[in-house]
Q: 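Input: one structure, supplied below.
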Protein chains: 2
Amino acid sequence: MSVTIRDVAKHANLSITTVSRALDGYADVAVSTRERVIALAKQMGYAPSSAARQMRRQRTDTIGFVISSLRRDDDSRPFADPFISEFVAGLGDEATHQNIDLLVSVASPNENETNIYRRWVLGRRVDGLIVNRLRERDPRIALLRENNMPFVASGRSDDITSYPFIEMDTQTGFSLITQHLAAQGCKRIAFIGARPDLRLQQDRYLGYLAGLQAAGLSPSPELVEVGDLTRQGGYQAGLRLLVKTPRPDAILGINDMTALGAMRAANDLGLQIGQDIAIAGFDDIDDAQHTQPALTTLRQPVYDIARQLVQMLLDLLRDPTQAPKQIMLQPELKVRASSKFLNPK
Amino acid sequence: MSVTIRDVAKHANLSITTVSRALDGYADVAVSTRERVIALAKQMGYAPSSAARQMRRQRTDTIGFVISSLRRDDDSRPFADPFISEFVAGLGDEATHQNIDLLVSVASPNENETNIYRRWVLGRRVDGLIVNRLRERDPRIALLRENNMPFVASGRSDDITSYPFIEMDTQTGFSLITQHLAAQGCKRIAFIGARPDLRLQQDRYLGYLAGLQAAGLSPSPELVEVGDLTRQGGYQAGLRLLVKTPRPDAILGINDMTALGAMRAANDLGLQIGQDIAIAGFDDIDDAQHTQPALTTLRQPVYDIARQLVQMLLDLLRDPTQAPKQIMLQPELKVRASSKFLNPK
DNA sequence: AAGCTAAACCAAAACGTTTTGGATGGGGGG
DNA sequence: CCCCCCATCCAAAACGTTTTGGTTTAGCTT
């Protein structure tokens, strides 16, 4: 049906070998021949079949990323996760830039996630994978290791030997932002976290505790609530916190979406954010600077991280024996109006 | 290196034919054999090589989507486009659900976009494509047609015969929302549009004009500004509009991001939105209901559209001769606080 | 003139499946 | 006892490349 290298060879009165090598720019084909072949191929609309090429080369020139959606069934708004979309943008941009393809899949955490990984890994559908939001004793990592499929991670799991990753020093970051809140005069700083099996929950919570300690404040269990990284979860956790007496005078969200939800909760209860209560988040998503008041947060260069992850993965594919590059980045504190606190009692 | 069907056949003392047919559930292999093969394959960690399968079947079980980023170089925030991320989420979810893969690429409109399409189409990298944000006389459509690569579109181009699409009746929608603004008492309703070669600009602008006419208002060129579908573009166009005298008493954005930018502009100029000026958008992105005040807009079920597009594409792949399904959806008016107008002069 | 080298080309194998068109053997019907 | 049929299995071809290990020819050296 569509034009193959054989057709081009026939039209050029050459062997398919020569056509192949001409198009690939080998030196053992005459310049005149090469030019003729290239022109003919273009004119005939020939491009090598990716399947055949993959098969022969044992390489797909494709990397994969599985979005583990943590959406719950009752959530009417799937995937409204700016973190993920910025991450995917970075992956896509860099992949395109490096002339490889990006295969994407969306999985609910338990159901089909493993199936997708299994199919991609065993079927050699991709050359390597990007993995994020690692969990403790992550079964995905185990699968990838067993079948020695190259991968890089954003964030790390428990066993960090043997694979490259980029990680934000969220623990230090959360300590800093907690201290910033304390420096505004806040005494009862609440924290809205996430499921405890998420690695990021542990790091960030520890950072929060460290920040409290550094500021000379003592932690209190009733100032800690569990959300689910979404705005909705932040809203509900925020309401739960704000009806307590004495009321918290600051809320630190595990991510910006959670913080935005908490802002809305405070708003609904008639509180003036940046006056009656300070609120801060983590990520610095696009919205953070566009809320009223703008959200104090820790900037995480998600887009750049994603791009660099792709580069690291490609490096790894080129030389699988190299020592895994492991990078730790410091988040940058972005102080905005939401973390002011003007009414100490 | 990794386990092939030949290895499984050897271990099972069977031909590769029989193993293949056993795994595919053909009737001409004994039940006992099938079970034995399936168990063995699982135990050995066998899954068919996708490249070999693609090659033999002449089918990839993959669909593609190229994100045409309309980001400008000076924009520090790439891809912060909720519309696109929700769209990709829908595509990904449905593709996973239908057991096919989604190949994604990011392209700047002119540069490499055509290259990606060419590579995917000529190299039979995908079975079909999803195309959105069509342009007039869209070169992508021409390429796809020439190489008869199946595709479905969201929104339509000039020549709508022969391919399936889903389209919002944006023209009627913009007429309605313009009339809604007029019904609030607004007399000078401004419009922030986009590049005139975008199909959506034409439809929406015409709808705006129709709405003005229906409300008995006459259009004025100085009430129309050009943005670029981003918040930033909306902000700047908003500023340009709001310093004019007499000032517009309503701003209609071509999409929500534009409207959000305009809201920010109004805010910066000290105007009370929903009081001194009415503002409305189009899309109903997640943020629209979370701004202060919440944004009046027309709801476009992006996620559902994306899912349905995937289904339409798969239908087309199954039966390429069928008449193209072409669907027109009515957007739903979501009246919120931003479109109130309390200070008629 | 024979031998050698380099330039240009090519036949065939291999990648791992699926599918086509049988082959084989045992049991039942005549 | 022979034939046929059904159940079960399989050899080989094909999918479209890339790569290996050549061959051929012309020109140059001695």
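Heavy-atom basis, side chains included; hydrogens, waters and symmetry copies ignored. Lettering of chains follows the sequences in order, A, B, ..., and the numbering in each one begins at 1.
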Q: Looking at every strand, decide which applies to B/T4 at a 4.0 Å heavy-atom threshold: base, sugar-phosphate, or nothing.
A: sugar-phosphate

Q: Taking CZ from B/R59 and P from C/dG16, how many angstroms apart are they, rounded to a whole number?
A: 21 Å

Q: I want to confirm an ordering. Mapping B/A52 and B/V29 to their closest nucleotides on DNA chain D, which one lands closer to the 5' end?
A: B/V29

Q: May I have all residue pairs that pass salt bridge (Lys or Arg N to Asp or Glu O under 4.0 Å) and include part of residues 23-40 of chain B, sequence neighbours excluded?
A: B/R21-B/D28, B/D24-B/R57

Q: Give the rounded distance in Å between these two atoms: OH of B/Y26 and C1' of D/dC6.
A: 19 Å

Q: I'd like to know if B/R137 and B/D197 make a salt bridge, using a cut-off of under 4.0 Å between side-chain N and carboxylate O.
A: no

Q: With nearest nucleotides of DNA chain D determined for B/I16 and B/T33 from heavy-atom distances, which residue corresponds to the more 5′ nucleotide?
A: B/T33

Q: B/R124 side chain: which of D/dT17, C/dT18, C/dT17 is closest?
A: D/dT17

Q: For B/R56 and D/dT17, what is the distance between atoms CZ and P respectively, to the nearest whole Å?
A: 16 Å

Q: Regarding A/S20, tell me which of base, sugar-phosphate or nothing describes its non-hydrogen contacts under 4.0 Å with the strands shown.
A: base

Q: Quick check on D/dT18: is either OP1 or OP2 less than 4.0 Å from any side-chain nitrogen or oxygen of A/R53?
A: yes

Q: In this structure, how many angstroms lie between the C1' atom of D/dC15 and the CD atom of B/Q54, rounded?
A: 12 Å

Q: Any heavy-atom pair between the side chains of A/P301 and A/M168 that's under 4.5 Å?
A: yes

Q: Rounding to a whole Å, what distance do you find between A/R21:CZ and C/dA7:P?
A: 14 Å

Q: Return whichever of A/M55 or A/D28 has its heavy-atom-nearest nucleotide of DNA chain C closer to the 5' end.
A: A/D28

Q: Report the distance from atom CE of A/M44 to atom C1' of D/dG16, rounded to the nearest whole Å.
A: 14 Å

Q: Kindly say whether, by distance alone, the side chain of A/S15 makes a donor-acceptor pair under 3.5 Å with the base of C/dA11?
A: no

Q: Base of C/dT19, side chain of B/T17 - is there a donor-acceptor contact under 3.5 Å?
A: yes

Q: Report the distance from atom CZ of A/R34 to atom P of C/dC10, rounded to the nearest whole Å.
A: 15 Å

Q: Would you mind checking if A/R135 and A/E113 are paired as a salt bridge, meaning a charged N to carboxylate O distance below 4.0 Å?
A: yes

Q: Please tell me which of the listed nucleotides, D/dT18, D/dC9, C/dT17, lies nearest to the side chain of B/A30?
A: D/dC9

Q: Between the side chains of A/D315 and A/R318, is the shortest nitrogen-to-carboxylate-oxygen separation below 4.0 Å, so that they form an ion pair?
A: yes

Q: Round to a whole Å and report the spacing from CZ of B/R57 to P of C/dT19.
A: 6 Å

Q: Under 4.0 Å, counting only non-hydrogen atoms across every strand here, what does A/L14 touch: a base, just sugar-phosphate, or nothing?
A: sugar-phosphate

